[in-house]
Visitor: 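Take a look at this one; I'll ask things after.
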2 protein chains.
Amino acid sequence: MSERGRPRSFDRTAALERAMQVFWEKGYEGSSLADLTSAMGINPPSLYAAFGCKEALYLEVMELYSRTIGTEIWSALETVPNVKEAIGSFLLATARAYSQPDQPHGCLIALGGLHSGEVTKPICDALCRHRADNIVKLRQRLERAVAEGELPASIDVEAIATFYATVQNGMSILARDGGDHRALKHVADGATAAFDALTGG
Amino acid sequence: MSERGRPRSFDRTAALERAMQVFWEKGYEGSSLADLTSAMGINPPSLYAAFGCKEALYLEVMELYSRTIGTEIWSALETVPNVKEAIGSFLLATARAYSQPDQPHGCLIALGGLHSGEVTKPICDALCRHRADNIVKLRQRLERAVAEGELPASIDVEAIATFYATVQNGMSILARDGGDHRALKHVADGATAAFDALTGG
DNA sequence: CTTTTTTTGTATCAAACGATACATAATTAA
DNA sequence: TTAATTATGTATCGTTTGATACAAAAAAAG
């Protein structure tokens, strides 16, 4: 790409990961440029040259989060054959991810942009889109189970998908309030135990 | 109390209610003094004379919210005799309150202070205390049901209370994302349907 | 009356905010 | 070499932030 001129003196990916930690912990509005540049180990002009602006940096952080932590949480939903076990594994992965001791608790996406005054419109839209996509993923997994004959076609897939996405989002708040892995696992187990009642089994 | 001096020219309670709307919609950091004074119909010196500072105003708003909207949501939990119906009513009241068309969607307390950088320490502590108290209220209701012989003593009351508080918190995020009363009711119904599985019935 | 007390509106404060101007340094291309 | 290009550090920009100083206004107390 750009080979001419003075080379960048920092690792762009490493800096982005540092920025993710800051935004994840403090939120968009709560993270000042000073917080970010300090954590990233660079000065403002380097940040603006490499990422554009604070908003663009946040959007890029969102994609990084989705690609790494997000994938970690959601992969089991597709890979586990039995639908109830798949959702159970997905919720346990959520409990695990949300209580990692070396990371901010809860989900960057679930907790972001919940107040209109604290994020820009593009960020709010992107966050809402990601959260809506979570419901879609769950619904499609349930539809697959119906297609495979594992669940009756009479179930309300949208309602059940919304239920599990809502439980997961609530787990982010629980994790932020200091809920440990044990507490999160109880919620995951409880929601899994509800599966039969929800699917009319 | 203070009868001497120039009388206040605005309704303190009405102004507090306006402030609640702003904080509820935009969050603490997202609400500027200009937003607040504009909505309250007063100038900064009047705000500071009547409420102290932005932080104190928010804390007072929290109490108002808890006393009004909060009571609206939680009263059924105590008044309904049957514990499953009590929790069901509590969740339906939540669904109703979170989707009022003339109010911000979701709960001021559930959505507040989720990012350390966006609130002061006293506010974060007060919000966490309120949310922890929600779990206590649910646990005590379950303990009452056990004492009344409605549920077996073998159940994990803390785990079940945490589950329902978590579902309720998730409903705030769903409501913020545009989830309507129908979607919220589905979640409430689903969580209520899970009651028997959770209580080993 | 006059004095005292409190509130009000205007105008503004110092600090923090996101974002840049600018000169210098470091690299490639000619 | 020289020119062109890009990144860096310092220092600072204009705005917005939460919060006040101040004088005028409006009430009760003496």
Side-chain angles (χ1 to χ4, degrees), chain A residues 1-16 18-19 22-23 25-61 112-113 115-124, chain B residues 1-16 18-20 22-23 25-62 112-113 115-124:
Chain A
M1 183 80 83
S2 66
E3 293 173 341
R4 295 222 305 220
R6 180 173 175 174
R8 184 177 288 130
S9 66
F10 63 94
D11 183 337
R12 193 183 186 279
T13 303
L16 187 64
R18 301 288 193 89
V22 176
F23 278 134
E25 172 74 34
K26 302 186 162 193
Y28 179 72
E29 183 91 17
S31 302
S32 68
L33 257 292
D35 291 333
L36 292 164
T37 53
S38 166
M40 298 163 86
I42 57 177
N43 294 112
S46 297
L47 188 154
Y48 281 87
F51 300 101
C53 64
K54 188 186 176 186
E55 180 182 83
L57 175 61
Y58 187 89
L59 291 170
E60 203 166 330
V61 158
H115 289 117
S116 62
E118 287 168 355
V119 285
T120 65
K121 184 74 172 17
I123 289 178
C124 190
Chain B
M1 181 79 84
S2 64
E3 294 173 341
R4 295 226 302 223
R6 179 172 174 174
R8 184 176 288 132
S9 67
F10 62 94
D11 183 337
R12 192 183 187 279
T13 303
L16 187 64
R18 302 288 193 90
M20 181 172 81
V22 176
F23 278 134
E25 172 74 34
K26 301 187 162 189
Y28 179 72
E29 183 92 17
S31 303
S32 68
L33 257 292
D35 291 332
L36 291 164
T37 54
S38 167
M40 298 164 85
I42 58 177
N43 295 113
S46 297
L47 187 153
Y48 282 87
F51 300 101
C53 63
K54 188 187 176 185
E55 180 182 82
L57 175 60
Y58 187 89
L59 290 170
E60 203 166 332
V61 158
M62 267 186 61
H115 289 116
S116 62
E118 286 168 356
V119 285
T120 65
K121 183 78 174 12
I123 289 178
C124 190

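Chain letters run A, B, ... following the sequence lines, proteins first, then strands; residues in each count from 1. Everything quoted here is computed from the prediction, not taken from an experiment.
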Visitor: Determine to 10° how strongly the helix from C/dC1-D/dG30 to C/dA30-D/dT1 is bent, judged from the axes of its five-pair ends.
Guide: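 For the helix from C/dC1-D/dG30 to C/dA30-D/dT1, the axes at opposite ends meet at about 10°.
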
Visitor: Over how many whole Å does the gap from A/Phe10 atom CZ to C/dA26 atom C1' extend?
Guide: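 Checked: the CZ to C1' distance equals 15 Å.
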
Visitor: How long is the span from the NZ atom in B/Lys54 to the CD1 atom in B/Ile123, to the nearest 0.5 Å?
Guide: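 So the gap between those two atoms works out to 8.0 Å.
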
Visitor: Can you see whether B/Ser32 engages B/Asp35 through a side-chain donor-acceptor pair at a distance of less than 3.5 angstrom?
Guide: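 Distance-only check passes for B/Ser32 and B/Asp35.
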
Visitor: Do the ring planes of A/Phe23 and A/Tyr28 sit parallel (below 30°), tilted (30 to 60°) or perpendicular (above 60°)?
Guide: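 It falls in the parallel class, under 30°.
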
Visitor: Evaluate the criterion side-chain hydrogen bond (donor to acceptor under 3.5 Å, both in side chains) for residue pair B/Asn43 and B/Ser46; output intermediate values, then yes/no.
Guide: CA-CA 6 Å; B/Asn43 295 113; B/Ser46 297; 5.6 Å; no

Visitor: Measure the shortest side-chain to side-chain distance between A/Asp11 and A/Leu16 over non-hydrogen atoms and say whether it is less than 4.5 angstrom.
Guide: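 Result no, sub-4.5 Å side-chain heavy-atom pair not found.
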
Visitor: Please tell me which of the listed nucleotides, D/dA29, C/dT8, D/dT8, lies nearest to the side chain of B/Ser9?
Guide: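 Looking only at heavy atoms from C-beta outward on B/Ser9, the closest nucleotide is C/dT8.
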
Visitor: Would you call B/Glu60 and B/Arg12 a salt bridge, taking side-chain N to carboxylate O under 4.0 Å as the test?
Guide: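 Result for this pair is yes, salt bridge flagged.
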
Visitor: Do B/Arg6 and C/dT7 share a donor-acceptor pair, side chain to base, under 3.5 Å?
Guide: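 It does, because a donor-acceptor pair links the side chain of B/Arg6 to the base of C/dT7 below 3.5 Å.
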
Visitor: Step by step, would you call A/Leu36 with A/Ile42 a side-chain contact (heavy atoms from CB on, under 4.5 Å)?
Guide: CA-CA 9 Å; A/Leu36 292 164; A/Ile42 57 177; over 6 Å; no

Visitor: Does the pair A/Phe51 and A/Val61 meet the rule for a side-chain contact (heavy atoms from CB on, under 4.5 Å), with working shown?
Guide: CA-CA 10 Å; A/Phe51 300 101; A/Val61 158; over 6 Å; no

Visitor: Near DNA chain D, which residues from residues 25-55 of chain B have a heavy atom under 4.0 Å away?
Guide: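 Contacting residues: B/Ser31, B/Ser32, B/Leu33, B/Pro44, B/Pro45, B/Tyr48, B/Cys53, B/Lys54.
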
